[in-house]
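For clarity, every value in this text was computed on a predicted model and none was experimentally measured.
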Amino acid sequence: MSVAPIDSIASLSSDLFYDILRRLDGSALASLACTCAAFCSISKEESLWEDVCASVWPSTNREDVKSLISSIGGFRKFYADCFPLIINKEVGEYQWNNYHEYLDDLTEAEYYGDTNEFESITPSDFVSIVDIRFKGKPICSKVLSGIPNADDNAGWFYNCPFRIDLLTYADRNDNNDGEGEGEVTLSVTDGLPPITSMERERKDGKLWHELRDGLLLSWILVNKKIKQAANLASWSPLDGQRHWPTDKDFVIRFGSVLPAKDILPSQVVQCILVMKFRVVHIEEEGFETSLKLTELSMQLEDMEGSHVNGKNSLHILKEALSCRRSKNYSEAIESCHMYSKVQNELKEEKMRSESRLDTFCILTGIAAFMTFWYYVF
């Protein structure tokens, strides 16, 4: 069978170009756009980037999400904003001594953000777009508009610890198209190893390792007012905990380090995304091994492990949408580990300071006691 020779790429039709480009992922498509004017022109087609986004984030197939993405600049911009992960290299320059001195000088109102220095930001400005994959297969997509129980005029929200429990509220806002509805479960058919007993699992941890290594999380936060978006997750888990708080629970944590300059004295905070699964069935019960997703939540913590209140959290999340990002995922993971290291050093120094203070108080008490009896006798 003979094949007609092609004189140049330009001789190919634009439809054929499009058919080629739509098979590429985002990185390859962006690279190919730099090769020639023809590819550059076609690669700007929004439909191409819509396909790319749908392959990475299944939740973008929803009509309400498509409308949202179009309103903030389109799928090409959305991919460029949300595919790279947030990195914060300023964590390594953090000085805990300055933190303690600054805290002592702050009033309670200043520390908890009871000031009017920031521009107005409301909970209804934000939208959460969440996707979970296990071993490359999408298992959950959730979309949450606004922040639950945080009316724009609810003063209690601004002063209480910030937290979003996605499973509790997302389903109420889902369309009746089957997306995001019902329980999220994993089973042997999804790639989980069969577990004969929890006692066996405690010894070898086979289920735990498969779960931790197979899960990927994307938590995209969109601010409709400023038309910006960012992925607050780390894709891969940062750490986790087996059998907590019960034998059948597995906690896996994702997240990122967010800037808090001029918002909190610590200058940086950690966005903690928690995913919790519970063992529903095991083989000895006569069913195939299966897990149920029981928690999917977000909260912010400062260097001392204290939860950030609602008002400061809104400003931190807004600033996070325009902070530095990188396609090098190892950099994002490294910044999170650096944060944990500095946080542990801070806790250790605090314990040493408290120990020195306790020792000083004890010695002072002994000296006072001995002085008293010296004068008595």
Side-chain angles (χ1 to χ4, degrees), residues 57 59-60 62 64-65 67-69 71-72 78 81-82 86 112-132 140-175 179-181 184 217-234 253-260 263-264 269-276 293-302 306-323:
W57 304 290
S59 54
T60 60
R62 291 177 39 147
D64 55 340
V65 177
S67 299
L68 173 64
I69 293 175
S71 70
I72 64 172
F78 183 80
D81 288 343
C82 301
I86 292 174
Y112 286 105
D114 298 329
T115 62
N116 295 317
E117 298 177 357
F118 300 106
E119 62 182 274
S120 175
I121 302 174
T122 62
S124 60
D125 295 337
F126 295 94
V127 178
S128 293
I129 303 173
V130 181
D131 289 283
I132 305 175
C140 176
S141 293
K142 300 283 184 183
V143 178
L144 179 63
S145 297
I147 296 175
N149 295 330
D151 296 332
D152 293 345
N153 296 320
W156 66 269
F157 165 78
Y158 294 105
N159 297 308
C160 291
F162 171 84
R163 180 183 174 90
I164 296 179
D165 290 300
L166 196 67
L167 295 185
T168 306
Y169 299 98
D171 289 334
R172 299 179 184 177
N173 296 337
D174 281 337
N175 298 329
E179 296 183 79
E181 297 181 350
V184 179
L217 172 66
S218 169
W219 188 310
I220 294 173
L221 192 70
V222 179
N223 187 302
K224 297 181 292 185
K225 181 182 293 184
I226 62 176
K227 302 183 185 301
Q228 290 181 322
N231 193 346
L232 303 182
S234 50
R253 297 181 183 87
F254 303 77
S256 55
V257 179
L258 308 181
I263 302 175
L264 289 180
V269 300
Q270 186 172 28
C271 176
I272 302 175
L273 308 175
V274 176
M275 193 186 301
K276 183 184 292 184
L293 182 65
T294 58
E295 180 182 334
L296 184 56
S297 64
M298 175 204 292
Q299 61 188 30
L300 304 183
E301 287 187 359
D302 64 14
S306 301
H307 292 183
V308 182
N309 65 20
K311 182 176 183 179
N312 286 334
S313 293
L314 292 182
H315 292 288
I316 291 171
L317 292 174
K318 175 180 175 292
E319 292 300 317
L321 302 185
S322 57
C323 70

For [X] versus [Y], what's the shortest heavy-atom pair and its separation?
X      : Y      : result
Leu293 : Lys276 : CD1-O, 3.4 Å
Leu321 : Leu221 : CD2-O, 3.4 Å
Met298 : Leu232 : CE-CD1, 3.6 Å
Ile121 : Lys318 : CD1-CD, 3.0 Å
Ser59  : Ser141 : N-OG, 3.7 Å
Leu167 : Glu295 : CD1-N, 3.6 Å

When you compare the side chain of [Y] with that of [X], does any pair of heavy atoms fall below 4.5 Å?
X      : Y      : answer
Gln299 : Pro161 : no
Gln228 : Asp81  : no
Ser218 : Phe254 : no
Val184 : Ile132 : no
Lys224 : Ser71  : no
Ile263 : Val269 : no
Leu264 : Ile316 : yes
Ile147 : Phe157 : yes

Got a second to check how far [X]'s [atom1] is from [Y]'s [atom2], nearest 0.5 Å?
X      : Y      : atom1 : atom2 : answer
Leu317 : Ile164 : CG    : CD1   : 7.5 Å
Leu166 : Cys140 : CG    : SG    : 7.5 Å
Leu217 : Asn231 : CG    : CG    : 7.5 Å
Ser297 : Leu273 : OG    : CG    : 7.5 Å

Report task. Only one of Ile69, Val143, Ile129, Val65 passes side chain to side chain contact (heavy atoms under 4.5 Å, CB included) with Val222; say which it is. Result ->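 When side chain to side chain contact (heavy atoms under 4.5 Å, CB included) is applied between Val222 and each of Ile69, Val143, Ile129, Val65, only Ile129 qualifies.
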[X] side chain to [Y] backbone, donor-acceptor under 3.5 Å:
X      : Y      : result
Ser256 : Cys271 : no
Asn223 : Phe126 : no
Lys311 : Asn159 : no

Query raised in the report: Would Cys82 and Trp57 count as a side chain to side chain contact (heavy atoms under 4.5 Å, CB included) if you check the C-alpha gap in whole Å, the side-chain angles of each, and the deciding distance to 0.1 Å?
Result: CA-CA 10 Å; Cys82 301; Trp57 304 290; 3.9 Å; yes
Query raised in the report: Do Phe162 and Asn312 pass the side chain to side chain contact (heavy atoms under 4.5 Å, CB included) test, and can you show the C-alpha distance, the side-chain angles, and the key distance before you say yes or no?
Result: CA-CA 9 Å; Phe162 171 84; Asn312 286 334; over 6 Å; no
Query raised in the report: Where do Leu258 and Glu319 land on the side chain to side chain contact (heavy atoms under 4.5 Å, CB included) test, with the steps shown first?
Result: CA-CA 8 Å; Leu258 308 181; Glu319 292 300 317; over 6 Å; no
Requested in this report: Applying side chain to side chain contact (heavy atoms under 4.5 Å, CB included), run through Ser67 and Asp64 and close with a yes or a no.
Outcome: CA-CA 5 Å; Ser67 299; Asp64 55 340; 5.7 Å; no
Query raised in the report: Will you find, in the side chains of Thr122 and Asp125, an N or O donor that is under 3.5 Å from an N or O acceptor?
Result: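 A donor-acceptor contact under 3.5 Å links the two side chains.
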Query raised in the report: Taking only residues two or more places apart in sequence or in another chain, which ones pass salt bridge (charged side-chain N to carboxylate O under 4.0 Å, His left out) with Asp131?
Result: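 Listed in chain order: nothing, the list is empty.
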